[in-house]
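Let me begin by presenting the structure, written as structure tokens, before commenting on it.
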2 protein chains.
Amino acid sequence: MSDNDQSLPNAAASMSNSNCGDALPPVGQHTRQYETVRNAHETELIEDYVELIGDLIRHRGEARAADIANRMGVSQATVSKMIRRLNELGLVTSKPYRSLFLTEEGQKMAEISRTRHDIVLHFLRALGVNDNTARIDAEGMEHHVSDETLTIMQRFIDQHAKR
Amino acid sequence: MSDNDQSLPNAAASMSNSNCGDALPPVGQHTRQYETVRNAHETELIEDYVELIGDLIRHRGEARAADIANRMGVSQATVSKMIRRLNELGLVTSKPYRSLFLTEEGQKMAEISRTRHDIVLHFLRALGVNDNTARIDAEGMEHHVSDETLTIMQRFIDQHAKR
DNA sequence: AATAATTGTTAGCCAAGGCTAAACTGTTTG
DNA sequence: CAAACAGTTTAGCCTTGGCTAACAATTATT
């Protein structure tokens, strides 16, 4: 392997270890960053479905596959397949041709997702981002925001709410 | 279809249209949100590769498949396959068994990605997020932040830099 | 009650992005 | 210079998450 970080008298060597400019991070750390993103990726869609199902139940009283397909902009077949997965993962219960319910665990996940989503959304709005853009960005960002950052965002919201 | 937004005397009807609480957005808008995320998804990985290749070239003088695999935490076979894709997309040029180069377009993409990445990272740090966390979050968030939000983040950084 | 319309499921296809194992190339070194 | 080693590629497999088309069940309409 040629990436051992000690052998090269390069930019990295001549700047403080706070990475002020933008040297490459050490390999281990870098790898972990990408890994975190890949992992988030795997759960992202699941969380989106569960969150949406939760929202539909809360706002419409029930979650039906057609509504999900409609809102996700995806075919019913795709939704049907996904629901089978959610079932296997123990996140929803469903009888064929009936509407869906979240399991305990599913509810927990929906709750967490929704909270995260809301914090990110409110944060963006508090920052001054236009509503429509904020919604779009929040949808994409929510799965990549750590608890630490979330806490800070919440603090920011609180500070800017007392206007 | 059962999702027509007018027929239900529901929560949405009884609150201001600024969606203050958290009613479901209108179907069309909601669909567009998910679509945007799905699209981002497709380009995300590509951008990460291109950005990393650019960084490797800048900091080490060259980008070799082994380094990429190493930093991404992925097998060399995966990288090799990906490079073929990048080639087809006209983002890199490569001769077998030699190191990689970015095309004009690839350089442009790397540049844009890097800029975005940096803004998000600096923004998070300016917000008060711990360095390590900021790096991880930035890696995930960068592909989901609109230009509008990016501009606002940049403004925020500028305001908080003059300490 | 019979039929039409809507909704849900299944089967089978595709591309992307992982992997391992095996083959091949280039470089280093004994 | 030949062998060993490091780096690269290829082949072939797997899972996910899309799709369409065909079929099945439920619900609505006449």
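Throughout, protein chains are lettered first and strands after them, A, B, ... in sequence-line order, and every chain is numbered starting at 1. Note: hydrogens, waters and symmetry copies are ignored here, and every other heavy atom, side chains too, is used.
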From [options], nucleotide with atom closest to [X] side chain:
X: A/Ala77; options: C/dC13, C/dG17, C/dA11; result: C/dA11
X: B/Arg98; options: C/dG26, D/dG17, C/dT7; result: C/dG26
X: B/Tyr97; options: D/dA24, C/dT25, D/dC19; result: C/dT25
X: B/Thr78; options: D/dC19, C/dG18, D/dG7; result: C/dG18

Rounded to whole angstrom units, what separation is found between the [atom1] atom of [X] and the [atom2] atom of [N]?
X: A/Leu52; N: D/dG17; atom1: CG; atom2: C1'; answer: 16 Å
X: B/Ile68; N: D/dA6; atom1: CD1; atom2: P; answer: 20 Å
X: B/Arg85; N: C/dG18; atom1: CZ; atom2: C1'; answer: 13 Å
X: A/Met82; N: D/dC19; atom1: CE; atom2: P; answer: 13 Å
X: A/Gln76; N: D/dA25; atom1: CD; atom2: C1'; answer: 13 Å
X: A/Met72; N: C/dG8; atom1: CE; atom2: P; answer: 15 Å
X: A/Arg64; N: C/dT7; atom1: CZ; atom2: C1'; answer: 7 Å

key: Strand-adjacent residues in residues 31-49 of chain B, judged by heavy atoms under 4.0 Å from DNA chain C   =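 The answer is B/Leu45, B/Tyr49.
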Does a side-chain N or O from [X] land closer than 4.0 Å to OP1 or OP2 of [N], or not?
X: A/Arg84; N: D/dG17; answer: no
X: A/Ser80; N: C/dG8; answer: no
X: A/Ser75; N: D/dC19; answer: yes

From [X] [atom1] over to [Y] [atom2], what is the distance, rounded to the nearest 0.5 angstrom?
X: A/Leu150; Y: A/Glu142; atom1: CG; atom2: CD; value: 10.0 Å
X: A/Glu139; Y: B/Arg38; atom1: CD; atom2: CZ; value: 10.5 Å
X: B/Ile53; Y: B/Ile68; atom1: CD1; atom2: CD1; value: 4.0 Å

ask   = Checking side chain to side chain donor-acceptor pair (under 3.5 Å) for the pair B/Gln154/B/Asp158: CA distance, chi angles, key distance, verdict?
value = CA-CA 6 Å; B/Gln154 181 62 64; B/Asp158 293 343; 3.1 Å; yes
query = Backbone N or O of B/Asp118 within a donor-acceptor pair of the B/His122 side chain at under 3.5 Å?
reply =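 Present.
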A/Thr103 (side chain) donor-acceptor with A/Gly90 (main chain) under 3.5 angstrom =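 Side chain of A/Thr103 to backbone of A/Gly90, a donor-acceptor pair under 3.5 Å: yes, one is there.
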query = On DNA chain C, nearest-nucleotide positions of A/Ser99 versus B/Pro96: which is more 5'?
reply =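 The 5'-side residue here is A/Ser99.
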request  = Under 4.0 Å between any heavy atoms, over every strand shown, what does A/Ala65 touch: base, sugar-phosphate, or nothing? Just pick one.
outcome  =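 The residue A/Ala65 makes sugar-phosphate contact but no base contact.
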message = Over all strands shown, is A/Val79 touching base, sugar-phosphate only, or nothing at heavy-atom distances under 4.0 angstrom?
response =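 It contacts nothing in the nucleic acid.
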key: DNA chain D: 5'-proximal contact among A/Lys81 and B/Lys95 (nearest heavy atom)   =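 By nearest-heavy-atom nucleotide position, the 5'-most residue is B/Lys95.
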ask   = Taking the six-membered ring for Trp, are A/Phe123 and A/Phe156 parallel (under 30°), tilted (30 to 60°) or perpendicular (over 60°)?
value =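 The arrangement is perpendicular - the two ring planes meet at more than 60°.
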request  = Assert yes or no for the condition that the ring centre distance of A/His41 to B/His41 is strictly below 6.0 Å.
outcome  =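 Judged by ring-centre distance (under 6.0 Å), A/His41 and B/His41 do meet the cut-off.
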